[in-house]
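Remarks on the structure that follows.
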Amino acid sequence: MGSVYALVDCNNFYASCERAFDPGLAGRGVAVLSNNDGCIVARSNEVKALGIKMGVPLFQVARELEKHRVAVFSSNYALYGDMSRRVMDVLGSFSPEMEIYSIDEAFLDLGGFGHLDLDAYGRDIRDKVVRWTGIPVSVGIGRTKTLAKVANHLAKKSVKADGVLDLSDSAWVEAALERTPIGDVWGVGPGFARHLEKINVRNALQLRDVDDDWVRKRMGVTGLRTVYELRGEACYDLETAPPPRKGICSSRSFGQPIESLESLSEAIGQYITCAARKLRKQKLAAGVISVFIRTNIFKKNELRYSNCQTTGLPVATNDTGELIRYGLAGLRKIYRPGCRFKKAGVFLEQLVPETHVQGHLFDEVDREKQKRLMQAVDRINGEMAEGALRYGAVGLQQPWKTKSLRRSRRYTTRWDELPEVR
DNA sequence: TCTGGGGTCCTAGGACCC
DNA sequence: TCTGGGGTCCTAGGACCC
């Protein structure tokens, strides 16, 4: 008995979350926007049918959306994160081994389930998730993760499959691969797709049969793994424990361009606060902090400037105040007056477990005290709300803040935003 | 007017070493 | 016409994912 994987993927996840709490949206198109209300990042089937593509700027399609009475939402990550957790809880009951692959997808190991009717099992998964969480999902089953992905794509598209497709029986694999456009294969992005189309490889079946040397040379070892996986040879195992993070990033576009060092410092202070919080949640400390700022890359006729400053810390830390101090010093080195900045962010790198921090001889910081302070801050913010207690450096007005004009309620994580029933 | 954010892995090339 | 060979480490950039 070889490997069998199921890929369970939530349909139009963010749009489905909005719908789960607002019955008035049934049958109506739903679109969800990126941060800053900039681009379309999730679409219900009605919106996809209008030909509105993933990632297009809102302003290009705003009239079209209005014409078709599409409900448009700012992204509401508190809601989506919580709904994701609920879906994953249900999925976890269907296999002892699960890999949470993204906010809306998980692989299940069905390797020991050979005696079962896998198609029926997949339908059971789909039915229970939608009944218990309100989120519709599709299930694809295959001998490798890449084949499970292929199955999942077809399960979503095909009316006959009705949301579940089992390709673990090799009899159906070729037909499925032939119906899968090259760009839909997991691991083939627009760059490789263009390359492949030049040599007349247009679907997954043709990709499966491309010469190994060609693939190795043009697509590297990752490309070769994809091809092997299409042949049914598993190259990727389930990753049940998330690998330790190598870097943590926090960045945002501003609601409106800013010029002053003061505002820029507030924004950077805010992003550092956010990144440091993530560090502590994972019990890590950072040895290096980088700060970057840039003007609007879409404005051809404005002064353009983009720069990044990386600073090594004497002792790895996850203390917000200390990181803000080094980060703002870095910012001052790259700040340029007269530029209209549109985006900024921070990276924390060289992450080590907080218990394994290398001290050094001349360190004058009281690290025990720092640690107790951070624990207190995190506890208070956990009980009240993130940001209830914050560093003066992040400001109060925050005029640079991301636009989020159409956010729905945080139905599941805030007492004051519970759904109401009449 | 209005254009997301957060990650991973791989590769090529340069610096440096013996 | 000529230029050693082999190794490591680091970095920047490019591909991909959601």
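Below, chain A is the first sequence line, B the second, and so on; all start at residue 1.
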query: Closest nucleotide of DNA chain B for A:Ile248 versus for A:Pro257: which of these residues is on the 5' side?
result: A:Pro257
task: From the options B:dG5, C:dC18, B:dC2, select the nucleotide whose nearest atom is closest to the side chain of A:Lys149.
output: C:dC18
- prompt: Is it true that A:Arg86 and A:Asp82 have a side-chain N and a carboxylate O under 4.0 angstrom from each other?
  reply: yes
query: In whole angstrom, what separates A:Asn11's CG from C:dC18's C1'?
result: 15 Å
message: Quick one about A:Trp400 and A:Gln256 (side-chain donor to acceptor, distance below 3.5 Å, no hydrogens or angles considered), yes or no?
response: no
- request: Run the salt-bridge test on A:Glu417 and A:Arg407 with the 4.0 Å N-O cut-off and return the result as yes or no.
  value: yes
message: Once you apply a heavy-atom cut-off of 4.0 Å, does A:Ser75 come out as touching a base, just sugar-phosphate, or nothing?
response: nothing
message: I need the CD1-C1' distance between A:Ile40 and B:dG5, as an integer number of Å.
response: 16 Å
message: Quick check for you: among C:dC18, C:dA15, B:dG4, whose closest atom lies nearest to any side-chain atom of A:Phe192?
response: C:dA15
- request: Specify the separation, in whole Å, of atom CG of A:Asp184 and atom P of C:dC18.
  value: 10 Å
Nearest-angstrom distance from the residue atom CG of A:Leu207 to C1' of C:dC16: 14 Å
task: State whether A:Tyr305 and A:Arg336 meet the cation-pi test: NZ (Lys) or CZ (Arg) under 6.0 Å from the six-membered ring centroid, and within 45° of the perpendicular axis.
output: yes
message: Check this one for me: any side-chain N or O of A:Thr402 less than 4.0 Å away from OP1 or OP2 of B:dG4?
response: no
task: Looking only at side-chain atoms of A:Ser251, point me to the closest of B:dG6, B:dG4, B:dT3.
output: B:dG6
- request: Report which part of the nucleic acid A:Val185 touches: base, sugar-phosphate, or nothing (heavy-atom distance under 4.0 Å, all strands).
  value: sugar-phosphate
task: Go through B:dT8, C:dC17, B:dT3 for me and flag the one nearest to the A:Lys246 side chain.
output: B:dT8
- prompt: With a non-hydrogen cut-off below 4.0 angstrom, is A:Asn36 in contact with a base, only sugar-phosphate, or nothing?
  reply: nothing
- request: Flag the pair A:Glu386 and A:Arg277 as a salt bridge only when some basic side-chain nitrogen lies within less than 4.0 angstrom of an acidic carboxylate oxygen.
  value: yes
field: A:Arg216 side chain, from C-beta outward: closest of B:dT11, B:dG4, B:dC9
entry: B:dT11
- prompt: With respect to the phosphate group of B:dT8, does any side-chain polar atom (N or O) of A:Arg245 fall under 4.0 Å of OP1 or OP2?
  reply: yes
- prompt: So, A:Arg143 and A:Glu229, do they make that salt bridge, N to O below 4.0 Å?
  reply: no
task: Look at the side-chain N and O atoms of A:Arg225 and state whether any lies under 4.0 Å from the OP1 or OP2 oxygen of B:dC9.
output: no
- request: Specify the separation, in whole Å, of atom NE2 of A:His195 and atom C1' of C:dA15.
  value: 11 Å
statement: Winner on side-chain proximity to A:Cys249, out of B:dC10, B:dG6, B:dT1, is B:dG6
- prompt: According to a strict under-4.0 Å criterion, is A:Ser253 in side-chain N/O contact with OP1 or OP2 of B:dG5?
  reply: yes
query: So what does A:Gly247 touch, heavy atoms closer than 4.0 Å: a base, only the sugar-phosphate, or nothing?
result: sugar-phosphate
- line: A:Phe254 CZ to B:dT3 P, in whole Å, measures 13 Å
task: Starting from C1' on B:dT3, measure out to CZ on A:Arg340 and report it in whole angstrom.
output: 15 Å
message: With ring pair (Phe, Tyr, Trp, His ring centres under 6.0 Å) as the rule and sequence neighbours excluded, what pairs involving residues 236-295 of chain A come up?
response: A:Phe292-A:Phe347
task: Answer with base, sugar-phosphate or nothing: what part of the nucleic acid does A:Glu105 contact at a heavy-atom distance below 4.0 Å?
output: sugar-phosphate
query: Between A:Phe298 and A:Gly220, who's closer to the 5' end of DNA chain B by nearest nucleotide?
result: A:Phe298
field: Out of B:dG5, B:dC2, C:dC16, whichever nucleotide has its closest atom nearest the side chain of A:Pro190
entry: C:dC16
message: What is the distance, to the nearest angstrom, from the NZ atom on A:Lys281 to the P atom on B:dG6?
response: 14 Å
query: Does B:dC18 have a Watson-Crick or wobble mate here (both distances under 3.5 Å), and if so which one?
result: C:dG5
- request: Among B:dG5, B:dC10, C:dC18, find the nucleotide with the atom closest to the side chain of A:Val221.
  value: B:dC10
task: State which of C:dC18, B:dC2, B:dG5 makes the closest approach to the side chain of A:Lys299.
output: B:dC2
A:Lys278 side chain, from C-beta outward: closest of B:dT11, B:dG6, B:dG4: B:dG6
- request: Determine the contact category for A:Asp37: base if any of its heavy atoms lies under 4.0 Å from a base atom, sugar-phosphate if only primed atoms, P, OP1 or OP2 are that close, otherwise nothing.
  value: nothing
- prompt: On a whole-Å scale, what distance lies between the C1' atoms belonging to C:dC17 and B:dG4?
  reply: 15 Å
